[in-house]
Amino acid sequence: MTETFKYGAALAADIEARWQDHWEREGTYEAPNPSGSLADGSGRAKLPKKFIMDMFPYPSGAGLHVGHPLGYIATDIYARRLRMTGHNVLHTLGFDAFGLPAEQYAVQTGTHPRISTEENIGNMRAQLRRLGLGHDTRRSVSTIDPEYYRWTQWIFLQIFNSWYDERAGRARPIADLVAEFESGARACPDGRDWSDLTTAERADVLGGYRLAYASDAPVNWCPGLGTVLANEEVTADGRSERGNFPVFKSRLRQWNMRITAYADRLLDDLEALDWPEAIKLQQRNWIGRSEGARIDFTIPAAEGAGDNGGADHTVAVFTTRQDTLFGSTYMVLAPEHHLVDAIVPGAWPEGTRPAWTGGHTDPGEAIAAYRKRTAAKSDVERQADAREKTGVFTGAFAINPANGERLPVFIADYVLMGYGTGAIMAVPAHDARDFAFARAFDLPMRCVVRPTDERGTDPAAWDDAFVSHDAEIIDSSGPGVILDGLDVPAAKKRMTAWLEQEGVGEGTVNYRLRDWLFSRQRYWGEPFPIVYDEDGIAHALPESMLPLELPEIDDYSPRTFDPEDADTRPETPLSRNREWVEVELDLGDGPRRYRRETNTMPNWAGSCWYELRYLDPRNSDRLVDPEVERYWMGPREGMPLGGVDLYVGGAEHAVLHLLYARFWSKVLYDLGHVSSAEPFHRLFNQGMIQAHVYRDARGFPVPAGEVEERDGRWYHGEEPVDRELGKMGKSLKNAVTPDEICAEYGADTLRLYEMAMGPLDVSRPWDPRAVVGQFRLLQRLWRNVVDETTGGTVVVDEEPDEATLRVMHKAVDGVGRDLDALRFNTAIAKITELNNHVTKQNRVPRTVAETLVLLIAPLAPHIAEELWHRLGHTDSVVHRPYPQADPAYVVDETITCVVQIRGKVKARLEVAPDISETELESIALAHPAVRGALGDAGIRKVIVRAPKLVNIVPA
RNA sequence: GCGGCCGUGGCGGAAUGGCGAGACGCGCUGGGUUUAGGUCCCAGUGGGCGCAAGCCCGUGAGGGUUCGAAUCCCUCCGGCCGCACCA
């Protein structure tokens, strides 16, 4: 068989494998650190540095489809362009390998999750290597590696052992807080004295400050997954983000992270980040900062609480509309509010309307019945009847602090325990929800903000509440405070000042963000480095005991339990290994018995800080060497908070991973472990690759590859099928793997096609037929350089002609800028244009051929290396300078001439630079806009100034 | 309901500090190479009229600003995304 030099699948495969081996041998993509074990003598660490990252993948057993590497190819191209413009580029890829699928597989098959996970990682590594990604493989990490999660645990302990000092506005070691308590610099909560407290009481007090703490609170319990979930993992309709199972509220003791302490900084620091506005907006919404006031309402003993011992009660409400306090006509508590039981009287007050009682003979019974009704609803059901207002009267009355009026107190599930204080002052005239409730329960309404529309000031005639921040306050005066005549913002200010002066409230800020529920009742996650002593006090393991490795167990399955039974401690998989759980340790005060924490961390933990480990993956003394961290991620010009230069991934992590990682970053920053206060300076969300889904008459997907199109309809064999656009996936039978595309065309074609499909941030369908277009580009490029019969080159050593120079200049000028802006589709178009141009010329000058090869090198690195080599070069294109536009080359053949009449621009003419003045005059006067503007005026003078301005002076 | 984004050929999409719309790719049409199919190569491809040169109309619809609008402003229509009893 004779050797062929035709660029086809076989030759592409040969070239690609050869160069991939070469790069691996040479360590071509290894980026040196400035110091430490990854430093080298190359001097490359002195170059300007760039840190490029992808959201790392979960090593799924299903392997990759062509949608997965989209972002990896993009970052690879960008990183290659940066290398060719003289940067030290750090680009690698690790694996986010803890998580449910491996565990579910383990439950089904009994295979240890580590075994299946590592096998999957191996398969994915092979698939990714085939794409020619220029990763520094020395830096690849996996979150399940004990040498990795040792530091995840270490960070947890840092967080556990710190508190948020509001005065300093940052986290500090918990020891500082203890010192403040001991010295009396800070008063103990509840007016107690630190020295009087028992060990358990002290632990309890500190727990109220720690940034990682265990607490009993209503949590999202998902029986379908057998674990509790964070708010961020529950969808708006009360289901689990993963698996779509219903979620219930249940009271359980769980670990939390005090992310709420960072609400303001997480919000404010968004401003400094180069992120898509959509994601910033989602984070702002999620944090949900709102400014308003706390107002204290008194429920006097005589108004309900008398039956319970005669004490007055104070109920605080949160409102953003303190200006409407005079319009409040009733009060609502969340059904779970802790004061409800205390204020309920034994009997309905005189004159209670039957509609308010729910048909019950006394308030206690009515409340018990209502609570039972709402508690039985899952969040899904609560959502379903979201608009319908239900509730019941408590029998108690609260006093409006502004005017002393008696307000009936209700409980209703439209008031949520988790937001604000779990209690509201209801202003039906100026709040849509209160309006609906007041209508349903026939409660009075009072208008205190003059409507700006035609409706008048009697709410009885309204269809809906009047809500406006740009209106005048009326009818709002009581003893001491008068708001009448003020606009809403001014009235808010005045009311807040009055509340503070009277000591019945204060201006406050409230957040929608809740603390992050951090423990899971699953096996395949990081164990907590926490043990409990005989008194149940939590102790941190010393650093020397890390990593705390996951113990072996026989049964990986999660266990469900009865959330109704408060005494049930959820059985977790780790609790089954008694030898592991019950231990004797010496934590500094001699050997004692301890019980280990048996929850595991959520799968977000490992991804909260992995960018840092990429920097210094082999460091066994520290999370990351400070000098190395400062080098790659420290604050610098235009990036005051530091961070990764470019982070590419899907938009689905907007309020999950991206919020958690920012939070950890700030804690580590506060504690002095890193110099960057933000992990990711620039974020880019790539779109999804979609695919057509073909379904038969029963709605089942049929294999997309077997569907044929006839006369604009689709058939599977003889059966007609429906087509829709959807995700790509095994279950939809439309997955295309990178392996099959590589086998048919090669990795370079796959890379080009994925990038040529359209803008990186837009989702678009995979068109299997269209791939060949990029293959043709490479074939033509190949033929422009290589003689297909001999393997020699066909380039000629002569200067390009003028037309070719122009096309080449356009490409060189445009492609570099396109690549910097991640506009890979237009970059490919410009390269194609130049390549097509010289293909038609039939003679390819050497300079053009070399320019083409270098231009395409980031996009199609294998063929570029091969052609570069065949052009007689012995170095690699990887570190060659990228072609730059020659500023001396002028493309313009015309200049723009401005025609003015009375100083106003009337026309612009494209003319030759050497045009004569008389010629220019006559062209200008012939222009329709000029003729129209002059009308009958006649021309007095035409002045041609310089070659650029024609000034016509009308008579 | 609130907030944000977007409407360009048969398809994916170029061109936005305003000035030759449709780059590049797919598909389609015709031709060439090939025993044939595929691959590959050449030409054409927004619509209309015309043998042609060329002319007219065209960026969801309508209006406006401008010498000049896919691009800026207003109204409407259509689509996508996020949030949703958050007080």
Side-chain angles (χ1 to χ4, degrees), chain A residues 6-9 236-237 276-286 288-290 292-293 295 317-322 324 328 332 334 382-383 385-390 412-416 418-427 430-434 436-437 464 467 510-514 651 654-655 712 752-753 756-759 761-777 779-780 783 788 810 814 818 823 825-836 839-840 894 896 898-901 904-910 924 927-933:
Chain A
K6 248 173 112 78
Y7 189 80
D237 59 349
E277 271 311 310
I279 302 289
K280 287 191 185 182
L281 193 69
Q282 278 188 64
Q283 292 218 343
R284 284 191 201 107
N285 287 343
W286 189 260
R289 179 189 158 101
S290 49
I295 305 180
V317 305
F318 173 75
T319 179
T320 56
R321 294 300 303 272
Q322 58 271 39
T324 63
S328 180
V332 186
R382 267 206 198 194
Q383 194 66 25
D385 48 29
R387 304 286 156 208
E388 193 195 323
K389 293 287 180 286
T390 61
D413 67 358
Y414 85 91
V415 172
L416 309 172
Y419 185 77
T421 60
I424 62 155
M425 64 174 208
V427 186
H430 304 297
D431 181 279
R433 296 150 299 177
D434 297 343
F437 189 84
D464 198 2
V467 184
N510 214 331
Y511 300 92
R512 208 185 84 114
L513 182 71
R514 321 278 166 81
V655 292
L752 282 175
Y753 176 65
M757 286 171 78
D761 55 353
V762 175
S763 295
R764 58 213 167 254
W766 181 265
D767 181 353
R769 294 179 306 184
V771 182
V772 71
Q774 301 309 319
F775 188 55
R776 287 180 189 142
L777 164 64
Q779 284 181 316
R780 285 196 296 272
R783 280 198 304 270
E788 294 199 318
K810 183 181 161 192
D818 284 344
R823 288 190 305 251
N825 53 332
T826 52
I828 292 169
K830 285 171 187 133
I831 295 170
T832 308
E833 201 181 350
L834 175 60
N835 191 51
N836 287 353
T839 303
K840 280 170 200 162
T894 61
T896 304
V898 179
V899 184
Q900 287 187 350
I901 299 178
K904 222 176 159 218
V905 175
K906 285 295 168 190
R908 282 160 209 265
L909 310 170
E910 293 295 320
H927 194 279
V930 173
R931 278 212 303 257

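Quick caveat: nothing in here was measured; it's all calculated off a predicted structure. In what follows, chains are A, B, ... by sequence order, proteins preceding strands, each numbered from 1. Worth knowing before you read on, the calculation uses all heavy atoms, side chains too, and leaves out hydrogens, waters and symmetry mates.
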Novice: Between A/D818 and A/K830 (salt bridge meaning N to carboxylate O under 4.0 Å), is one present in this structure?
Specialist: yes
Novice: Starting at the 5' end of RNA chain B and moving along, which residue's nearest nucleotide shows up first, A/G420 or A/N285?
Specialist: A/N285
Novice: B/rC24 phosphate, OP1 or OP2: any side-chain N/O from A/N825 under 4.0 angstrom?
Specialist: no
Novice: Would you kindly check whether a donor in the side chain of A/K6 faces an acceptor in the base of B/rC40, or vice versa, at under 3.5 angstrom?
Specialist: no
Novice: Any side-chain N or O of A/R512 under 4.0 Å from OP1/OP2 of B/rA84?
Specialist: yes
Novice: Does A/R823 put a side-chain nitrogen or oxygen below 4.0 Å from OP1 or OP2 of B/rA23?
Specialist: no
Novice: Rounded to the Å, how far apart are A/Q774 CD and B/rC26 P?
Specialist: 8 Å
Novice: If you compare all heavy atoms of A/Y7 against all heavy atoms of A/Q779, which two are closest, and at what distance to 0.1 Å?
Specialist: O-NE2, 3.4 Å
Novice: Give me the distance, rounded to whole Å, that separates B/rA21 from B/rU59 when you measure between the C1' atoms they each carry.
Specialist: 7 Å
Novice: Could you tell me which non-hydrogen atom of A/T324 sits nearest to which non-hydrogen atom of A/M425, and how far apart they are?
Specialist: OG1-CE, 3.8 Å
Novice: What is the glycosidic conformation of B/rG9: syn, defined as within 90° of 0, or anti?
Specialist: syn
Novice: From C-beta outward on A/T832, which listed nucleotide comes closest to its side chain: B/rC24, B/rC85, B/rG13?
Specialist: B/rC24
Novice: Quick one: on RNA chain B, does A/K830 or A/P759 contact a more 5' nucleotide (nearest heavy atom)?
Specialist: A/P759
Novice: Roughly how many Å is it from CZ in A/F775 to C1' in B/rC26, rounded to a whole number?
Specialist: 16 Å
Novice: Can you find a side chain N or O atom of A/N836 that sits less than 4.0 Å from OP1 or OP2 on B/rG25?
Specialist: yes
Novice: Give each stem of RNA chain B as a range with a range, requiring at least 3 consecutive Watson-Crick or G-U wobble pairs whose two distances are under 3.5 Å.
Specialist: B:1-7 with B:77-83, B:10-12 with B:24-26, B:27-32 with B:40-45, B:46-49 with B:54-57, B:60-64 with B:72-76
Novice: Whole Å only: how far is the CG atom of A/D464 from the P atom of B/rC85?
Specialist: 16 Å
Novice: Search all heavy atoms of A/F318 against all heavy atoms of A/T421 and return the closest pair with its distance.
Specialist: N-OG1, 3.6 Å
Novice: Nearest whole angstrom, please: distance from the C1' of B/rG82 to the CD1 of A/I279.
Specialist: 9 Å
Novice: Would you please confirm or rule out a distance under 4.0 Å between OP1 or OP2 of B/rC40 and any side-chain N or O of A/Q779?
Specialist: yes
Novice: Taking only N and O in the side chain of A/R769, is any of them less than 4.0 Å away from OP1 or OP2 of B/rG12?
Specialist: no
Novice: Please tell me which of the listed nucleotides, B/rG4, B/rC24, B/rC26, lies nearest to the side chain of A/A770?
Specialist: B/rC26
